[in-house]
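Working notes for the structure below.
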Number of protein chains: 2
Amino acid sequence: MAEPKSSRPTIVDVAEKAGVSRATASRALSNYGRINQETAKHVRAVAESIGYISNELARAMRVGKTKTLGLVVIADFTNAFFDRATKSIVDAARARGYQVLITNTDEDIAVERNAIETLIEKRVDGMIVVPSTAVVHDHLEPRRLGETPVVLIDRRLDGLRMTSVTTDDFIGTEEAMRHAISLGHKRFGFLVATAGVKGSTSERPPVLISTIEERVNGFMNAAVEAGIKPRAQSWVYCQDDPTISEAAVAKMLDQPKAPTIIMASNNDMALAVLKVAGNRQLTLGRDLSLITVDDSQWLAAMSPGITVVARPVELVGQIAVEKLIAEIEHPGQPTEKIVLPTELIARGSVANLVLRPELDPEYKE
Amino acid sequence: MAEPKSSRPTIVDVAEKAGVSRATASRALSNYGRINQETAKHVRAVAESIGYISNELARAMRVGKTKTLGLVVIADFTNAFFDRATKSIVDAARARGYQVLITNTDEDIAVERNAIETLIEKRVDGMIVVPSTAVVHDHLEPRRLGETPVVLIDRRLDGLRMTSVTTDDFIGTEEAMRHAISLGHKRFGFLVATAGVKGSTSERPPVLISTIEERVNGFMNAAVEAGIKPRAQSWVYCQDDPTISEAAVAKMLDQPKAPTIIMASNNDMALAVLKVAGNRQLTLGRDLSLITVDDSQWLAAMSPGITVVARPVELVGQIAVEKLIAEIEHPGQPTEKIVLPTELIARGSVANLVLRPELDPEYKE
DNA sequence: AAGGTTTGCGAGAGCGTTCTCGCAAGTCTC
DNA sequence: GAGACTTGCGAGAACGCTCTCGCAAACCTT
């Protein structure tokens with residue numbers, strides 16, 4: 001009478017059935033050490049026949065590597081950065097034999113702290129994190145992390161000696177501004193998504209995550225450079241909430257000298273512009289212009305297509321994985337702050353006021 | 001001289017430092033069994049002070065539960081189903097104390113088989129899978145899976161006794177068709193995304209994944225019901241590739257009696273329609289109508305908004321997690337085929353040919 | 001033919017937990 | 001104040017794997 005044995009076969013089962021020791025079975029299955037190829041083949045056949053699947057937990061315990069990466073991200077895959085970044089990370093990891101454990105932070109620092117703790121508990125070999133704030137980051141300090149390497153993406157955290165992969169949004173948005181200026185735009189509306197702000201305000205919050213800060217500075221710099229002094233009311237820092245951002249856009253457009261173009265700091269803001277423009281029957285690229293950051297299929301497929309500052313999102317993910325795995329497999333890599341260039345993709349959403357000055361409502365013959 | 005001890009502190013370190021046994025330390029940290037609350041507090045303080053973080057691998061080995069769910073998905077988060085589904089799954093899992101290991105299949109059966117194997121190796125407590133095909137599924141058979149429970153989402157696999165959470169796309173698309181018919185449309189173009197087909201064809205492939213099959217049948221059924229006989233050339237089954245689908249749309253529109261409305265089986269197809277319409281300066285909801293499946297912020301924000309068959313994606317994810325965890329924690333649950341209702345959201349992309357028959361190019365006074 | 005080297009394999013420890021069991025001391029019960 | 005029960009804790013096994021070490025047999029080498 002065989003015992004029940006309800007659970008999965010282990011390597012001991014394989015060993016017994018094959019008439020060898022655990023050690024030999026292990027050698028056969030993981031293909032290492034000195035072993036007769038005949039026995040190895042036999043053991044593998046037995047393993048296959050009884051449906052043996054190795055227990056990576058046990059192996060991980062022994063060898064100290066889980067072949068798992070943690071991803072700490074604002075898992076809003078509706079977002080044109082995180083969706084593509086996540087996919088590219090998962091793919092790049094798989095290509096190198098790693099799996100990825102996803103944890104969502106919802107941009108909440110407490111959740112993030114928790115997520116990182118959980119990932120360490122699960123003993124991931126390393127993690128890629130999108131820090132949800134630019135300020136508090138004790139949970140990312142070496143003391144907490146121990147040996148676990150971390151690579152930051154999307155946002156830098158300047159206080160930490162840590163590899164990061166970001167994009168040059170300063171130059172990207174500067175370029176976008178120059179483009180708009182060259183097409184004759186002089187009155188800009190800046191619509192900036194700001195975590196941590198409630199409602200909307202034209203006052204600049206004390207801290208912005210690096211990505212947003214660069215975009216703001218890029219806008220500003222190009223404006224100043226062109227001798228354009230953006231009025232306070234053309235800046236709106238606003239919470240990432242459709243109702244609030246749409247209201248902000250509406251207010252912007254109702255000003256006496258309304259902007260001819262709105263620079264959106266991200267696609268949620270761009271959506272608000274689209275919505276309001278739609279409601280008011282404004283045609284983009286004619287009655288109102290728009291530039292946003294992060295490309296997506298939708299932005300390209302609309303009519304007119306929306307002009308964007310495109311970031312090499314997949315590349316960010318791939319490089320992050322590459323650097324992370326490099327550090328995992330060969331500890332002691334130098335930390336790097338990698339900054340990738342963006343690309344301006346001009347489509348039809350920016351009116352050419354040079355050719356058609358009459359499109360500017362303030363235009364006087 | 002203390003030994004180096006480069007790696008993380010273990011429970012033995014905590015025990016030693018606290019002057020208790022491993023057992024007691026474990027009891028204190030995991031809060032179970034009989035333990036003096038004073039000692040417990042002391043042990044926890046010591047653990048905190050030396051930065052102890054429990055090793056879930058070891059715990060998992062011992063207790064046989066990893067508190068990890070596997071997600072086997074076509075990780076194209078650009079897709080309006082998978083993005084939201086993934087987020088809702090990650091969130092629902094976290095709320096119940098589970099983490100999610102994501103594996104991408106890219107709609108490739110070999111990769112899927114592999115992914116499932118890997119997840120079993122990592123000993124996930126259960127998995128949620130989007131099967132990438134309707135035919136081969138030996139890797140999902142009980143023999144392979146062992147005790148690991150699986151819940152299917154998005155697509156049913158009728159041959160398997162397995163819980164699934166899907167949406168009623170048959171009724172959903174039928175409803176969409178009735179809506180279009182009630183607005184006076186008589187000539188339809190059906191644009192169906194089909195994995196496995198190369199290029200595009202008007203011949204129906206032998207097998208379609210359940211979701212797509214239901215959509216096709218829903219379209220068909222409502223057409224027949226209304227006495228509309230769709231011509232062969234109004235059906236296009238086409239590979240999920242922008243160039244190919246755009247060509248298919250163009251061809252469709254160039255027919256002698258071109259359709260007044262295109263029913264897209266998913267958003268990739270809808271994108272193709274948008275692109276072609278844009279190129280040809282056709283205004284949606286006037287020169288050409290469109291209905292697609294799966295809502296997204298973009299579809300709502302465009303002008304006109306696109307009419308969609310909206311599926312309760314988040315709910316699908318939540319229920320899947322719920323059912324899966326129920327089976328994990330209380331094995332022996334009955335398998336269920338859960339089908340959730342869809343909702344037709346009418347926006348402006350369908351022209352009203354009853355009110356404005358002149359919008360139909362075939363209209364003769 | 002004697003020594004050295006290589007090959008193949010098994011015994012056993014160890015990774016960091018949890019958990020059962022047993023024991024000593026304390027608390028109750030009458 | 002003796003037995004019964006409760007409380008708090010430690011010893012040790014177990015989860016399933018890998019890997020070092022040692023040993024026997026087989027193979028060279030001179």
Side-chain angles (χ1 to χ4, degrees), chain A residues 3 5-44 46-47 50-68 120-125 146-147, chain B residues 3 5-44 46-47 50-68 120-125 146-147:
Chain A
E3 59 278 58
K5 260 299 184 191
S6 80
S7 69
R8 290 190 175 284
T10 75
I11 204 167
V12 224
D13 299 318
V14 176
E16 276 175 12
K17 198 122 183 174
V20 296
S21 70
R22 280 186 347 275
T24 306
S26 178
R27 275 187 278 252
L29 294 169
S30 298
N31 212 33
Y32 70 90
R34 292 190 309 233
I35 187 170
N36 185 313
Q37 282 314 307
E38 289 305 304
T39 10
K41 207 176 286 182
H42 175 227
V43 169
R44 281 193 285 261
V46 169
I50 66 172
Y52 169 77
I53 296 185
S54 79
N55 185 331
E56 283 301 312
L57 257 55
R59 169 178 299 169
M61 276 227 66
R62 184 63 236 254
V63 305
K65 294 278 167 222
T66 53
K67 287 277 182 179
T68 306
I120 295 180
E121 287 179 346
K122 294 249 159 94
R123 294 299 190 264
V124 295
D125 293 338
E147 317 269 271
Chain B
E3 59 277 58
K5 261 294 184 194
S6 79
S7 70
R8 289 190 174 285
T10 76
I11 204 168
V12 226
D13 299 319
V14 177
E16 276 174 13
K17 198 122 183 175
V20 297
S21 71
R22 275 181 357 273
T24 307
S26 179
R27 276 187 277 252
L29 294 170
S30 298
N31 212 32
Y32 70 90
R34 292 191 308 232
I35 188 172
N36 184 315
Q37 283 314 307
E38 288 305 304
T39 4
K41 206 176 289 182
H42 175 226
V43 169
R44 282 193 285 261
V46 169
I50 66 172
Y52 168 77
I53 296 185
S54 79
N55 184 332
E56 285 299 314
L57 257 55
R59 184 199 309 251
M61 275 228 67
R62 183 63 235 254
V63 305
K65 295 277 167 223
T66 52
K67 286 279 183 178
T68 305
I120 295 181
E121 286 179 347
K122 294 250 158 92
R123 294 299 191 266
V124 294
D125 293 339
E147 316 270 87

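Both backbone and side-chain heavy atoms feed into the values below; hydrogens, waters and symmetry mates do not. Chain letters run A, B, ... following the sequence lines, proteins first, then strands; residues in each count from 1.
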Does the side chain of A:Thr10 get closer than 4.0 angstrom to OP1 or OP2 of D:dC17 through an N or O atom? yes

Would you kindly give the CZ-to-P distance between A:Arg59 and C:dC15, to the nearest whole Å? 19 Å

Any chance you could list the contact pattern along nucleotides 8-13 of chain D? Use B for base contacts, S for sugar-phosphate-only contacts and - for none, protein heavy atoms under 4.0 Å, 5' to 3'. BBBBBB

What's the closest nucleotide to the A:Tyr32 side chain, out of D:dC19, C:dG16, C:dT17? D:dC19

B:Met61 CE to D:dC15 P, straight-line distance once rounded to whole Å: 8 Å

For residues A:Arg123 and A:Leu57, determine if any side-chain heavy atom of one lies less than 4.5 Å from a side-chain heavy atom of the other. no

B:Arg34 CZ to B:Asn36 CG distance, which is reported to the nearest 0.5 Å: 12.5 Å

Where at least one partner belongs to residues 14-29 of chain B, residue pairs that pass side chain to side chain donor-acceptor pair (under 3.5 Å), sequence neighbours excluded: B:Ser21-B:Thr24, B:Ser26-B:Tyr32

Under the side chain to side chain donor-acceptor pair (under 3.5 Å) rule, what do B:Thr68 and A:Lys122 come out as? Steps first, then yes or no, please. CA-CA 9 Å; B:Thr68 305; A:Lys122 294 249 159 94; 3.2 Å; yes

Could you state the CD1-P distance from A:Ile11 to C:dG14, rounded to the nearest angstrom? 20 Å

Could you tell me the separation between the CD atom of B:Glu56 and the C1' atom of D:dC15, rounded to a whole number of Å? 15 Å

When the distance from NZ of A:Lys122 to P of C:dC15 is rounded to whole Å, what number comes out? 23 Å

Measure from CD on A:Glu16 to P on C:dA11 and round the result to the nearest Å. 12 Å

To the nearest 0.5 Å, how far apart are CD in B:Glu56 and OG1 in B:Thr66? 9.5 Å

Rounded at 0.5 Å granularity, tell me how far CG in A:Asn55 sits from CD in B:Glu121. 9.0 Å

Round to a whole Å and report the spacing from CG of B:Asn55 to C1' of C:dG16. 6 Å

Rounded distance in Å - CZ (A:Arg123) to P (C:dG16): 8 Å

